[in-house]
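The next block holds one structure in the form of structure tokens; read it before the comments.
Just so you know, ligand 1 is whichever comes first in the structure, and atom 1 is the first atom listed for that ligand. One is the number of the first residue; the rest follow in order along the sequence.
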Amino acid sequence: MTRDEDRSRIKIAVQKSGRLTDHSLDLLARCGLKYTKGRDQLICYGENLPIDVLLVRDDDVPGLVRDDVCDLGIVGMNVIEERRLDFAAAGDDAPFTHVRDLDFGHCRLCLAVPEQMDWNGAGDLAGRRIATSYPHIVADYLARHGLDAEVVEFSGAVEIAPRLGKADVICDLVSTGGTLRANHLREVETVLESVAALIQTPKPVSAAKAEWIERLKQRIEGVIQVSESKYIMLHAPRSALAAITRLLPGSEAPTVMPLEGRDDKVAIHAVCRENVFWETLEDLKRAGASSMLVLPVEKMMY
Ligand code: ATP
Ligand code: ZN
């Protein structure tokens with residue numbers, strides 16, 4: 001039996017080449033997965049864990065998870081939502097399970113109009129032609145707003161549709177807005193806030209596989225928490241203990257320790273579940289803290 005056929009190994013679908021690729025592979029590496037790339041460059045075989053990574057187009061990820069070719073997948077919510085509506089229209093209401101949002105791939109699916117066009121709200125879409133690569137999401141948006149408009153499907157370069165006379169409005173992904181400005185378009189409404197997410201097949205899996213899926217999910221949880229966490233150490237006057245503890249961002253129960261030979265001061269150690277910015281340190285100093293040290297957290301498990 002080759003590794004491809006081994007049904008006891010977990011397969012996770014990830015974008016082969018694009019904006020999500022490096023982040024996805026980095027996340028799996030930080031979960032402890034070491035892999036070698038197959039000769040066809042389509043599969044990365046896990047060396048130390050029973051987990052293989054399938055490298056595919058992002059649009060194919062939801063279908064592979066739905067059809068149980070892959071147990072897990074990483075893909076943007078924009079693609080997940082578009083495919084979910086597509087499957088629902090075909091009668092499949094539970095094609096995959098959304099496990100959790102990840103901490104990369106942030107963007108938004110927006111309506112944009114030519115700079116000179118008046119815009120008074122979603123009602124202005126009535127009777128217009130909307131160019132998009134997300135026909136199901138746009139149709140759903142129109143239905144929710146009780147609007148009748150024509151959806152023109154474009155597979156790429158949606159932003160040039162108005163100039164080509166193919167549409168009046170576009171609905172496309174935006175992160176900074178630079179592409180829109182370069183094409184003399186103005187963002188007017190957000191249809192969907194998107195981020196990369198982990199999805200899972202709803203089909204039952206063997207107990208051994210289920211255990212590894214659970215372990216991987218827990219490690220992902222830990223990696224994401226760690227990237228947002230810092231360990232902070234500082235000295236504080238006993239009298240300012242309450243005020244200083246309140247200033248520590250996202251920390252539940254700090255450790256308070258005596259300082260040798262000092263009755264008026266203590267050392268505080270705490271895990272902050274949010275980033276610690278210079279402004280926070282300045283606020284802590286004003287409240288009486290000194291000798292502050294902020295350290296990255298490498299691993300975390302609760
Ligand atoms: P593929 O060849 O895999 O189909 P693609 O061209 O559809 O690639 P990319 O441009 O690599 O996809 O984007 C992948 C995902 O990254 C998007 O679906 C979206 O979730 C996310 N993303 C984050 N920021 C942006 C952005 N500014 N523009 C487009 N997508 C973005
Ligand atoms: Zn794509």
Side-chain angles (χ1 to χ4, degrees), residues 11-29 37-38 40-44 52-67 69-70 72-87 95-113 130-141 151-162 167 169-200 220 224 227-228:
K11 289 196 179 59
I12 175 161
V14 161
Q15 190 185 22
K16 181 176 165 62
S17 155
R19 294 172 196 261
L20 303 178
T21 308
D22 289 348
H23 290 290
S24 306
L25 293 176
D26 182 54
L27 173 66
L28 295 173
K37 253 190 184 171
D40 53 7
Q41 307 276 305
L42 293 177
I43 302 185
C44 296
D52 298 327
V53 184
L54 243 74
L55 298 169
V56 298
R57 285 202 55 194
D58 67 344
D59 316 73
D60 295 335
V61 173
L64 289 167
V65 174
R66 175 210 185 211
D67 296 341
V69 176
C70 291
L72 298 168
I74 296 177
V75 62
M77 279 307 292
N78 49 314
V79 173
I80 294 175
E81 196 52 17
E82 177 66 18
R83 303 296 286 144
R84 189 186 64 76
L85 290 164
D86 190 8
F87 291 135
F96 37 74
T97 314
H98 171 265
V99 177
R100 70 150 17 254
D101 284 351
L102 303 172
D103 58 352
F104 55 88
H106 294 272
C107 58
R108 50 195 193 278
L109 189 60
C110 290
L111 290 170
V113 300
I130 311 168
T132 188
S133 315
Y134 299 88
H136 292 94
I137 295 180
V138 174
D140 181 64
Y141 179 86
V151 180
V152 186
E153 189 169 348
F154 262 64
S155 54
V158 175
E159 62 281 355
I160 60 167
V169 178
I170 70 160
C171 182
D172 203 10
L173 289 179
V174 182
S175 58
T176 60
T179 310
L180 290 184
R181 273 191 299 280
N183 286 282
H184 305 288
L185 296 167
R186 182 163 62 95
E187 185 179 331
V188 288
E189 307 281 335
T190 300
V191 171
L192 179 85
E193 292 278 358
S194 185
V195 64
L198 179 71
I199 54 172
Q200 181 176 353
I220 288 176
I224 292 175
S227 66
E228 291 165 356

Discussion item. Below the 3.5 angstrom mark, is there an N/O of Ser194, backbone or side chain, next to an N/O of ligand 1?
Written reply: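 Min N/O separation from ligand 1 is not below 3.5 Å for Ser194.
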Discussion item. Does any N or O of ligand 1 fall below 3.5 Å from an N or O anywhere on Tyr134, backbone included?
Written reply: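 N/O-N/O distance below 3.5 Å does not exist for this pair.
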For [atom], grab the closest protein heavy atom and report residue, atom and distance to one decimal in Å.
| atom | answer |
| --- | --- |
| atom 27 (N) of ligand 1 | Ser175 OG, 2.7 Å |
| atom 24 (N) of ligand 1 | Cys107 CB, 3.4 Å |
| atom 2 (O) of ligand 1 | Arg57 NE, 3.5 Å |
| atom 14 (C) of ligand 1 | Asp58 OD2, 3.5 Å |
| atom 30 (N) of ligand 1 | Leu173 CD1, 3.2 Å |

Roughly how far, to the nearest 0.5 Å, is the [atom2] atom of [Y] from the [atom1] atom of [X]?
| X | Y | atom1 | atom2 | value |
| --- | --- | --- | --- | --- |
| Tyr134 | Asp86 | OH | CG | 13.0 Å |
| Leu198 | Arg100 | CG | CZ | 8.5 Å |
| Asn183 | Glu159 | CG | CD | 5.0 Å |

Side chains of [X] and [Y]: closer than 4.5 Å at any heavy-atom pair?
| X | Y | answer |
| --- | --- | --- |
| Leu72 | Gln200 | yes |
| Ile137 | Leu85 | yes |
| Leu64 | Lys11 | no |
| Leu55 | Gln41 | no |
| Thr179 | Val174 | no |

Fill in: Nearest protein heavy atom under 4.0 Å from atom 6 (O) of ligand 1, yes or no
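Not a single protein heavy atom is under 4.0 Å away.
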[X] heavy atoms, cut-off 4.0 Å: which ligand 1 atoms fall inside?
| X | result |
| --- | --- |
| Gly76 | 20 (O) |
| Leu20 | 15 (C), 16 (O) |
| Gly18 | 11 (O) |

Discussion item. Does only the side chain of Asp59 get under 4.0 Å from ligand 1, or the backbone, or both, or neither? Count heavy atoms.
Written reply: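 It is the side chain that touches ligand 1; the backbone stays farther off.
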Item to complete: Check each heavy atom of Asn78 against ligand 1 and say whether those closer than 4.0 Å belong to the side chain, the backbone, both or neither.
Response: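 Side chain only.
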Worksheet item: Nearest heavy atom to atom 10 (O) of ligand 1: which of His23, Gln15, Arg19 does it belong to?
Response: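 It is Arg19 that holds the nearest heavy atom.
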Worksheet entry | Aromatic ring pairing Phe104/His23, orientation class (parallel under 30°, perpendicular over 60°, tilted between) |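 Answer is parallel, since the angle falls under 30°.
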Worksheet item: For ligand 1, is there an atom lying under 4.0 Å from some heavy atom of His106?
Response: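 For ligand 1, residue contact (heavy atoms, under 4.0 Å) with His106 is present.
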Item to complete: Compute whether any side-chain donor of one residue and acceptor of the other, for Asp103 and His106, lie under 3.5 angstrom apart.
Response: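 Distance-only check fails for Asp103 and His106.
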Worksheet entry | Angular separation of OD1 (Asp59) and OD1 (Asp58) seen from the Zn ion (ligand 2), to 10° |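 With the Zn ion (ligand 2) as the vertex, the angle is close to 70°.
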